[in-house]
Amino acid sequence: MNLYKYVSEKLNEKLGFDAKLETPRNREFGDFSTNAAMVMAKNAGKNPRELANEILPKIAELDFVESASVAGPGFINLKIKDDFLWHAVQSAATITQTTNPMVIDMDYGAYNVAKSLHIGHLRTSIVGDTFNRIARSVGHKTFSWNHIGDWGKPMGLVIAWIERLHPELPYFRDDFNPNTLVDYEIDADELNTYYPAASALAKQDPEFQLHAQEIKAKFQSGHPGYFALYEKFLAISLRTMNNTVQRLNILPFDYDLGERNAAKYLDPVEKILREKNMIYKNDGAEIINVKRKDDNKPMPPYMWRDSRGADTYDSTDLAAVYCRKQTDNPDRIIYITDLRQSLHFEQLFRVADMSGIYPYDRFEHIGYGTINGDDGKPFKTRDGNAAGLDDILDAANDAVTARIASTDKKLDADTIQMIALAAVKFNDLLHDVRADYIFDPKQITSFEGRTGPYVLYTAVRLNSVLRRAGEFEQSANAVEMNADERNLIIELLDFDRTVQSAFESRATDLVANYAYDLCQLINTFYHNCPILRDDVPADTRAMRLDLVQIAANVLTRTVDLMGLKIPKEM
RNA sequence: GCGCCCGUAGCACAAUGGAUAAUGCAACAGAUUUCUAAUCUGUGGAUUGCAGGUUCGAGUCCUGCCGGGCGUGCCA
């Protein structure tokens, strides 16, 4: 139930005017207000307050309006009838389904083979997952694509590194037989050290660098030994990625297909580009000019092949678009990546459009800001290294464990993990996606106030009341409601609208902020309005239990959109 | 140089062009005969970077400046 939309439509219908409904910051002004009179006054050449007073009787005719009054420069403030609110709030947890369902491809995650996840993967995973859940909840069909880095230069480096460690392995022989069983196992943690080590060496040692490039070229053109080795560590990486997905409690990706898969589509894409004469040679590279006459910004060419003749990030991304068009035929393709890739995506969208592969206006890039340390620079661990995703989750886990140790609570490991994860994810979702934010481990681990644990705690309290109440009858009518109950009901009725806005404006932070606002009202209600106590009249108890149930339903849905799990106790 | 993003209290962060700029942390003062005190209530703390403009109304839109971040052909 989207109360805002309902009131807005009824009001506009009644006035025959497309007025904008507002929710006053100060609840004392009313439940809603409209600036209709102020807007109309201009055309009518009348005083806004005068006009407002003329409209007032019409508004009072609406059956859900308790009272309406004129205030300030000409606002019309409305108060909704309690009966109506009570009726409406029964379906507060229902999300209105879109009348125009789309197929949406979402590209987020972008994990890498043989390279552990770092803090940079946090936002794409968390925001991407929540946005995916939001899109699905309003009725769209989505496909999530984890566009894995599993094909390019890093693969050459990793293979070269393994050759350096174990030159005796048969994979490196040109006559390697793919049916050979090789007794070689790689430890997942150790594998994650190979790429950084190889990359560092390549920078110092041109010979190693060259060798890795040769390996990459042979690998991509089908060297059986390299490929067999690749499949070995690919499997390990995929397992590691899967562990991360589970640890983060994000939905499984519909496709774990990245650059290697996209590379299969390079030929048909190149054919299209050549037919349209889009590819030019320049400085040894093959490029596509995407500059427009009216561009007033830098617009470098799209790099189809680099000067060594190798495929690039640019070419596989375009091929991936082609692939998605073939497989899902999506109405929209939405990328959720670091903001710094904006130019790349602008170029990609232009090339896709120019080549007729996919239209420009159906692409979207949601760019998120950087996670910074308290010095305002990209977050690093204390030893100066880029923080690993697991380091962050471990730190949160430790903090929760320490917090519990200081109380007489006893919580199991699963519960601790749920709380720690909520702390990290909620903090990430709380911030405007497009802005940088400061990641403060101290703040993350304080668990007071506007935090994930606060939200979980609120849900746990509600569930606890319901559990203790046992079976109860639904109250038929609302008894008179007090301010705490009424405020909570109004907020509950804002759930549907919040989810709709979050989807429409691609703003996952709206959901997180809503969750917090809702929890504040729930806790105030919980504190001021006893439910199961002996001195509470039966009809009041029934009504409050209903309210608790509805609040629990709405909060559970909200928490679910953020991919958090509610523990039994905490 | 050019382009994009950002500037709100000591810190962090919010505000569909609307009314007294919301909230958290930190500080101080309170609340538990109660369903979980990871809670609740209150106090102090803001010339919304600066200067103009548009508007009945600007933190929000426009212009200029100051400050910061990022991007700007072979890294992804």
Side-chain angles (χ1 to χ4, degrees), chain A residues 4 20-26 28-29 33 35 38-39 41-42 47-48 71-75 77 110 112 149 152-154 259 282-287 295-308 310 312-314 316-317 337-344 346-347 367 369-370 372 374 376-378 400 403-404 407 409 419 430-432 434-438 440 442-443 446-451 453-454 456-458 460-462 464-469 497 501 505 509-510 513 516-517 519-520 523-524 526-536 544-545 548 569-570:
Chain A
Y4 174 90
K20 184 151 175 248
L21 193 67
E22 287 168 11
T23 50
R25 263 186 222 153
N26 189 338
E28 282 170 25
F29 288 121
S33 73
N35 61 358
M38 289 187 284
V39 179
K42 200 168 184 188
N47 176 301
F75 290 104
N77 293 325
N112 295 308
K153 189 178 90 183
E259 293 167 350
N282 197 295
D283 288 341
E286 292 187 326
I287 59 167
D295 274 333
N296 60 350
K297 54 186 165 190
M299 189 54 65
Y302 203 62
M303 192 61 52
W304 177 252
R305 284 219 176 79
D306 68 19
S307 48
R308 290 194 306 271
T312 64
Y313 178 52
D314 286 354
T316 49
D317 259 14
T337 80
D338 195 303
L339 197 60
R340 286 174 287 194
Q341 296 190 37
S342 300
L343 180 56
H344 165 71
E346 173 66 21
Q347 293 178 298
T370 314
N372 290 330
D374 54 13
K377 302 244 166 71
V400 175
R403 168 70 193 247
I404 290 159
T407 67
K409 294 182 183 192
I419 297 169
L430 192 61
H431 297 85
D432 182 340
R434 294 152 187 88
D436 296 349
Y437 77 86
I438 292 179
D440 179 359
K442 256 186 285 172
Q443 193 249 319
S446 74
F447 311 131
E448 317 273 312
R450 200 172 42 187
T451 63
Y454 175 87
L456 293 190
Y457 182 73
T458 310
V460 167
R461 282 178 135 186
L462 292 179
S464 172
V465 171
L466 292 171
R467 200 165 47 240
R468 281 166 185 273
R497 177 168 78 115
S501 315
S505 52
D509 57 300
L510 290 179
N513 278 299
Y516 177 69
D517 291 343
C519 286
Q520 276 198 313
N523 279 316
T524 301
Y526 181 93
H527 189 264
N528 293 341
C529 305
I531 301 159
L532 300 176
R533 226 163 57 184
D534 289 344
D535 57 342
V536 179
R544 286 180 181 167
L545 272 175
V548 167
E569 56 171 352
M570 68 180 277

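Lettering of chains follows the sequences in order, A, B, ..., and the numbering in each one begins at 1.
Distances shorter than 4.0 Å separate some side-chain N or O of A:S464 from OP1 or OP2 on B:U36. In this model, the phosphate group of B:U41 is approached by a side-chain N or O of A:T524 to a distance below 4.0 Å at OP1 or OP2.
Between the side chain of A:S446 and the base of B:C25, no donor-acceptor pair of N or O atoms lies under 3.5 Å. For B:U72, the base has no donor-acceptor partner in the side chain of A:K297 [N/O atoms by modelled type, under 3.5 angstrom]. Side-chain atoms of A:R461 and base atoms of B:U36 include no donor and acceptor less than 3.5 Å apart. The base of B:A38 is paired with the side chain of A:K409 by a donor and an acceptor separated by under 3.5 Å. Put simply, the side chain of A:N26 and the base of B:A21 share no donor and acceptor less than 3.5 Å apart. For B:A19, the base has a donor-acceptor partner in the side chain of A:S33 [N/O atoms by modelled type, under 3.5 angstrom].
Across all strands, A:L343 comes closer than 4.0 Å only to sugar-phosphate atoms, never to a base (heavy-atom distances). Using a 4.0 Å heavy-atom criterion, one finds that A:D432 contacts the sugar-phosphate atoms exclusively. A:Y437 comes within contact range of the sugar-phosphate backbone alone, with a heavy-atom separation under 4.0 Å but no base atom that close.
Nearer the 5' end of RNA chain B, as judged by each residue's closest nucleotide, is the contact made by A:N523, out of A:G152 and A:N523. Toward the 5' end of RNA chain B, the nearer of the two residues A:T370 and A:M38, judged by each one's closest nucleotide, is A:M38.
Across the strands present, B:C75 finds no partner; the criterion is a Watson-Crick or G-U wobble pair with both atom distances under 3.5 angstrom. Pair assignment for B:C40: B:G30, on the basis of Watson-Crick or G-U wobble contacts that are both within less than 3.5 Å. In this entry B:A12 has B:U23 as its Watson-Crick or G-U wobble partner, both defining distances falling under 3.5 Å. Pair check for B:C70 finds B:G3; Watson-Crick or G-U wobble, both atom distances under 3.5 Å. The base-pairing partner of B:U60, taking Watson-Crick or G-U wobble contacts with both distances under 3.5 Å, does not exist among the strands shown. Under the Watson-Crick or G-U wobble criterion, with both distances below 3.5 Å, B:C65 is paired with B:G49. Of all nucleotides present, none satisfies the Watson-Crick or G-U wobble test against B:U55 with each distance under 3.5 Å.
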Derivation of the side-chain contact (heavy atoms from CB on, under 4.5 Å) call for A:T451 and A:Y457: CA-CA 10 Å; A:T451 63; A:Y457 182 73; over 6 Å; no

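Both geometric conditions, a ring-centre gap below 5.5 Å and a plane tilt below 30°, are not fulfilled together for A:Y454 over the base of B:A38.
Salt-bridge check for A:D535 with A:R533: passed, with a basic side-chain N closer than 4.0 Å to an acidic carboxylate O.
You'll find the side chain of A:N282 stays beyond 4.5 Å of the side chain of A:P301, heavy atoms only.
The side chain of A:F75 has B:G18 as its nearest neighbour among B:G18, B:C74, B:U16. Distance from the side chain of A:D306 is smallest to B:C74 among B:C35, B:A38, B:C74.
Between A:Y454 and A:Y516, the ring-plane angle classifies as tilted under the 30° and 60° cut-offs.
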